[in-house]
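For reference, the structure is listed below as structure tokens.
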Amino acid sequence: MKTTIFDTALGAFGIGWTDAGVARLQLPGMAPNALAVRLNRDGAQPDKPTRAIENLINQIEDYADGVMVDFSGVTLDLSRVPAFYHRAYLALLGYGWGQTTSYGALARELGDVSLSRVVGQAMGANPIPLIIPCHRVLASNGKPGGFSAPGGAEAKIRMLALERVSVSAPAGQMAFGF
């Protein structure tokens with residue numbers, strides 16, 4: 001896997017790609033050294049972006065500036081994810097700018113509402129957040145629910161705010177950072 005780090009209005013992102021497509025995206029919020037270590041784990045190596053990756057970086061920069069961006073056409077490499085997670089990610093790609101769903105609704109879409117927790121686990125393990133828009137999956141009560149990216153639920157709320165979606169955090173969540 002090849003990687004690069006780039007700056008946006010939201011902070012530094014990291015992206016990893018293979019010949020098959022984008023395989024990794026790291027959202028902003030980590031210290032520069034920690035970002036590089038996380039992005040380049042498992043033998044990944046920094047490299048110069050291809051033209052397709054440069055175009056995607058430009059789209060991510062636009063997104064960070066609040067411009068409506070459609071990532072649905074991005075070629076992804078999901079070869080390293082479990083089959084159910086793969087299905088969940090593909091279903092989630094149908095949710096565009098400003099659209100949200102719940103863990104339960106996504107589980108129901110995948111055939112069984114009792115899979116809500118597994119959907120949550122898939123979202124937490126999402127290797128390509130933003131492009132696979134796990135930030136658009138909310139708890140059944142409309143609250144943000146979990147978010148494994150740096151900044152947790154606060155980052156999720158900021159991303160949705162860019163998309164003109166208003167979501168409130170559970171009481172005390174913003175004040176204590178969890």
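These values consider heavy atoms only, across backbone and side chains, with no hydrogens, waters or symmetry-generated copies.
Side-chain atoms of Asp70 come within 3.5 Å of backbone N or O of Ser72 as a donor-acceptor pair. Put simply, the side chain of Lys156 gets close to the backbone of Gly146: a donor and an acceptor are under 3.5 Å apart. No donor-acceptor pair under 3.5 Å is formed between the side chain of Arg164 and the backbone N or O of Gly98.
Residues Ile15 and Phe6 meet the side-chain proximity criterion, which asks for heavy atoms closer than 4.5 Å. Inter-residue side-chain proximity for Leu160 and Leu138 is flagged as met; some heavy-atom pair is nearer than 4.5 Å. Using a 4.5 Å heavy-atom threshold, the side chains of His135 and Leu130 count as touching. By the 4.5 Å heavy-atom criterion applied to side chains, Leu93 and Pro133 are counted as neighbours. Considering only heavy atoms from C-beta on, Met68 stays 4.5 Å or farther from Glu163 through its side chain. Two residues are said to be in side-chain contact when any heavy atoms from C-beta on lie closer than 4.5 Å; Ile157 and Glu154 fail this criterion. The shortest side-chain heavy-atom distance between Cys134 and Tyr89 does not fall under the 4.5 Å cut-off. Looking only at side-chain heavy atoms (C-beta outward), Ile57 and Glu61 come within less than 4.5 Å of each other.
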For Asp47 and Thr4: C-alpha separation, side-chain torsions, deciding distance, then whether side-chain contact (heavy atoms from CB on, under 4.5 Å) applies. CA-CA 6 Å; Asp47 205 345; Thr4 195; over 6 Å; no
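For the pair Leu162 and Gly66, the tightest heavy-atom approach, listed with the atom from each and the gap, is CD2-CA, 3.8 Å. The minimum heavy-atom distance linking Ala20 with Thr75 is given by the pair O-CG2, 3.1 Å. Val113 approaches Ser116 most closely through the heavy-atom pair O-OG, 2.7 Å. Looking at every heavy atom in both residues, Leu35 comes nearest to Gly14 through CD1-N, 4.3 Å. Closest approach of Gly11 to Thr8, counting heavy atoms only: O-OG1, 2.8 Å. Residues Ala155 and Pro150 come closest through the heavy atom pair CB-O, 3.4 Å.
Summarising the geometry, atom CG belonging to Asp62 is positioned 11.0 Å from atom CG belonging to Leu56; distances are rounded to the nearest 0.5 Å. Between Leu110 atom CG and Leu92 atom CG the span is 9.5 Å, to the nearest 0.5 Å. The CG atom of Asp112 sits 10.0 Å away from the CZ atom of Arg108 when rounded to the nearest 0.5 Å. In this structure, CD1 in Ile131 is found 6.5 Å from CG in Leu76, a value given to the nearest 0.5 Å. With rounding to the nearest 0.5 angstrom, the OG atom of Ser102 is 10.0 Å from the CD atom of Glu109. In this structure, CD1 in Ile5 is found 6.5 Å from OG1 in Thr3, a value given to the nearest 0.5 Å.
Applying the side-chain contact (heavy atoms from CB on, under 4.5 Å) criterion to Gln99, with sequence neighbours excluded, gives Tyr95. In this structure, the side-chain contact (heavy atoms from CB on, under 4.5 Å) partners of Pro82, at least two apart in sequence or on a different chain, are Tyr85.
Cluster partners of Met1, using a side-chain heavy-atom cutoff of under 4.5 Å among ILVMFWY residues and allowing indirect links: none.
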Listed pairs under 3.5 Å, donor-acceptor, residues 22-34 side chains, sequence neighbours left out:
unit_1 : atom_1 : unit_2 : atom_2 : d
Arg24  : NH1    : Leu39  : O      : 2.6
Arg24  : NH1    : Arg41  : O      : 3.4
Gln26  : OE1    : Arg38  : NE     : 2.9

Identify every side-chain donor-acceptor pair in residues 117-129 under 3.5 Å, counting partners at least two apart or on other chains, and give the distances.
unit_1 : atom_1 : unit_2 : atom_2 : d
Asn126 : OD1    : Ile128 : N      : 2.8
Asn126 : ND2    : Ile132 : O      : 2.8

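Val81 and Leu90 end up in the same hydrophobic cluster when Ile, Leu, Val, Met, Phe, Trp and Tyr side chains are linked at under 4.5 Å.
Applying the ring pair (Phe, Tyr, Trp, His ring centres under 6.0 Å) test to pairs two or more places apart or on separate chains, those with a residue in residues 22-80 are Tyr63-Trp97.
More than 12 heavy atoms of other residues, nucleotides or ligands sit less than 6.0 Å from atom CG of Asn141.
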